Colleague: 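Below is one structure. I have some questions about it.
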Amino acid sequence: MQSKISAFFKPSSSVSPKPADPPPIFDGDDQELSIWEKKQHQQFSTYRRRAPNPPRGGSECSWDNQLAKTPISDVDSPKPQSTVLGKTVTKNKKRSYAQYHLDLGQSDFLLHTCSACGVMYVTGDEEDEKAHKGFHNDYTRGIQFKGWCNERVVHSLKVGGGRILLVLDGDPPAQRNKVEKVVTMMETELGSGWILPKLFKVYLFVLSTRIVGCLVAEPITKAHKVLSCAVDGSSSSASTTTNKTKLTTLQFGEIKFHREVIRKAPSAPEPLNECFTGAIICEKEAVPAVCGIRAIWVTPDNRRKHIATHLLDALRKSFCMGFVLEHSQLAFSPLTSAGNALVSNYIGSGHFLVYNTNNVVS
């Protein structure tokens, strides 16, 4: 009995259990004790493989769990986490600070029109505002010009440092491209598709590093003399006389309304470029002509500085080789009100030559 008790308290080995020997046969109590020892005090050492170390971000475990839950058919081609109408949406964790605007019925909510250059652009859009700023500077101040190696200078101003260049239709492409860019600016105000003919002589007024004025001339064969111009001043004088004859009292039956008349001092005469807004009447018979001025234009910031006058003087001296044209020998295309005023001031009267732009030398 003592030997059995000593065997009970003997420490068991941590190594895996050896195959049990066939149980000895005991009688009585010894048999019951051996059965109890084998059932209640058997120790088994089990081992389990340690999981691999997760990466620093900790995304491996979540990816393993996702693979465990994902069907086998979807493992090779995982679906994007979020889609909108079939397009993958890339989620940006950074905050967006885009500027939003409120539509409260503004007339220029989407597009704003510049009152100076007439360009329509979207306020708040960096690209639109940058493009408008560049065009606005070229239109109001003049197109930037660095100069050419071979310039045809026909006139140089002693005061101000300006010069006038002549460009012909057979000049190098760089010069003709610059002329086309200037004509694009002119078309903003004068209309497109008619300013630059096939045979042209273009006079560019260069001031500092910008082209501030342009005159387009062409050879012609005939023109018409202007007889008279309809002036708004005549109609305005007639309206003043009729206003004096109007009654100051209005009567409807027994009710009378008295009009209060406020006499004002006579206003100053309007500038010459604002009074020529009527039609031009010309002679039916054409007269021979040589020089036709198709268009003349000066940037808004450089007007009233006699730039157009300098261009006309340079044209008269250089259009015909060895011969200076008289003021009355210049013919003009259909004029605007400002152009009509310029020509009348330059020639000294309202009788000058006009021509049709279709009647040119081919």
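Small disclaimer: the values here were computed from a predicted structure and weren't measured. Side chains are part of it too, since the values below use all heavy atoms of this structure and drop only hydrogens, waters and symmetry mates.
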Colleague: With the side chain counted from C-beta on, respond yes when Thr209 and Gln144 share a heavy-atom pair under 4.5 Å apart, and no when they do not.
Modeller: no
Colleague: Please find the pair of heavy atoms, one from Val216 and one from Pro197, that lie closest to each other, and give the distance.
Modeller: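 Looks like CG1-CD, 3.8 Å.
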Colleague: Does Asp313 have any side chain to side chain contact (heavy atoms under 4.5 Å, CB included) partners at least two apart in sequence or in another chain, and if so, which?
Modeller: Thr309, Arg316, Tyr346
Colleague: Do the side chain of Gln329 and the main chain of Glu326 share a donor and acceptor less than 3.5 angstrom apart?
Modeller: yes
Colleague: Sort and list the pairs that fulfil salt bridge (charged side-chain N to carboxylate O under 4.0 Å, His left out) and have at least one residue in residues 280-289, not counting sequence neighbours.
Modeller: none
Colleague: Cluster question for you: counting only ILVMFWY and a side-chain heavy-atom cut-off of under 4.5 Å, with indirect links fine, are Trp297 and Ile195 together?
Modeller: yes
Colleague: Name all residues meeting the side chain to side chain contact (heavy atoms under 4.5 Å, CB included) criterion together with Val179; count only those two or more places apart in sequence or in a different chain, and write none if there are none.
Modeller: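 Testing Val179 for side chain to side chain contact (heavy atoms under 4.5 Å, CB included), a comparison that skips the adjacent residues, returns Val167, Val183, Leu196, Val202, Leu204.
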Colleague: Please find the pair of heavy atoms, one from Ala331 and one from Ile220, that lie closest to each other, and give the distance.
Modeller: CB-CD1, 3.7 Å
Colleague: Starting at OG1 of Thr357, measure out to CZ of Phe332 and round the result to the nearest 0.5 Å.
Modeller: 15.0 Å
Colleague: Minimum heavy-atom separation for Ser156 to Val153, with atom names?
Modeller: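 Closest approach of Ser156 to Val153: OG-CG1, 3.5 Å.
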Colleague: Measuring from atom CD1 of Ile164 to atom NE2 of His310, what distance do you get when rounded to the nearest 0.5 angstrom?
Modeller: 7.5 Å
Colleague: Before you tell me yes or no, could you show the steps for Glu218 and Leu199 under side-chain contact (heavy atoms from CB on, under 4.5 Å), namely the whole-Å CA-CA distance, both residues' side-chain angles and the distance that decides it to 0.1 Å?
Modeller: CA-CA 6 Å; Glu218 61 182 337; Leu199 301 177; 5.8 Å; no
Colleague: For the residue pair Cys214 and Met186, establish whether any side-chain heavy-atom pair is separated by less than 4.5 Å.
Modeller: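 Side chain of Cys214 against side chain of Met186, heavy atoms only: contact under 4.5 Å found.
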Colleague: Quick one: ring-ring contact (aromatic ring centres under 6.0 Å, His included) pairs with a partner in residues 140-189, sequence neighbours left out?
Modeller: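 Sorted pair list: Phe145-Trp148.
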Colleague: Write down the atom of Ala314, the atom of Val154, and the distance for their closest heavy-atom approach.
Modeller: CB-CG2, 4.1 Å
Colleague: Go through the structure and list residues passing side chain to side chain contact (heavy atoms under 4.5 Å, CB included) with Ser208, not counting sequence neighbours.
Modeller: none
Colleague: Treating Asn345 as the side-chain partner and Ala341 as the backbone partner, does any N or O pair qualify as donor plus acceptor under 3.5 Å?
Modeller: yes
Colleague: Holding to side chain to side chain contact (heavy atoms under 4.5 Å, CB included), I want the full list of residues that pass it with Ser349, two or more places apart in sequence or in another chain.
Modeller: Ile347, His351
Colleague: If you count every heavy atom of other residues, nucleotides or ligands that lies below 6.0 Å from Asn177 atom CG, does the total exceed 12?
Modeller: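 Atom CG in Asn177 is packed in, count exceeds 12.
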Colleague: Within a radius of less than 6.0 Å around NE2 of His306, do more than 12 heavy atoms belonging to other residues, nucleotides or ligands occur?
Modeller: no
Colleague: May I ask you to check whether Thr299 and Asn302 show a side-chain donor-acceptor distance below 3.5 Å?
Modeller: yes
Colleague: Among residues two or more places apart or on two chains, list those pairs meeting ring-ring contact (aromatic ring centres under 6.0 Å, His included) that have a residue in residues 188-221.
Modeller: none
Colleague: What heavy-atom pair brings Thr140 and Ala116 nearest, and what distance separates the two atoms?
Modeller: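 Smallest interatomic distance, heavy atoms only, reads CG2-CB, 4.4 Å.
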Colleague: Which pair of non-hydrogen atoms, one from Cys320 and one from Val290, has the smallest distance, and what is that distance?
Modeller: SG-CG1, 4.1 Å
Colleague: Test: salt bridge (charged side-chain N to carboxylate O under 4.0 Å, His left out). Region: residues 123-134. Which pairs qualify, not counting sequence neighbours?
Modeller: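 Listed by first then second residue: nothing to list.
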Colleague: Nearest 0.5 Å please: distance from the OH atom of Tyr355 over to the CZ atom of Arg294.
Modeller: 5.0 Å
Colleague: Following the transitive rule for hydrophobic clusters with a side-chain heavy-atom cut-off under 4.5 Å over Ile, Leu, Val, Met, Phe, Trp and Tyr, establish whether Leu165 and Leu312 coincide in one cluster.
Modeller: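 In one cluster with Leu165: Leu312, no.
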Colleague: Would a 4.5 Å heavy-atom cut-off, applied to side chains only, mark Ser344 and Phe352 as touching?
Modeller: yes
Colleague: Not counting sequence neighbours, list each pair that qualifies as a salt bridge (charged side-chain N to carboxylate O under 4.0 Å, His left out) and has a residue in residues 161-185.
Modeller: Glu151-Arg163, Arg152-Asp171
Colleague: With salt bridge (charged side-chain N to carboxylate O under 4.0 Å, His left out) as the rule and sequence neighbours excluded, what pairs involving residues 188-201 come up?
Modeller: Glu189-Arg303
Colleague: Supply the atom-to-atom distance Thr336 OG1 to Leu190 CG, rounded to the nearest 0.5 angstrom.
Modeller: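 Going from OG1 on Thr336 over to CG on Leu190, the span is 7.0 Å.
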Colleague: Taking the side chain as everything from C-beta on, heavy atoms only, tell me whether Cys291 gets closer than 4.5 Å to Leu315.
Modeller: yes
Colleague: Output all residues satisfying ring-ring contact (aromatic ring centres under 6.0 Å, His included) with His132, sequence neighbours left out; order by chain, then residue number.
Modeller: Tyr121, His136
Colleague: So which residues get pulled into Val287's cluster when ILVMFWY side chains under 4.5 Å apart are joined, directly or through others?
Modeller: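 Leu353, which link up through side-chain heavy atoms under 4.5 Å apart, make up the rest of the cluster.
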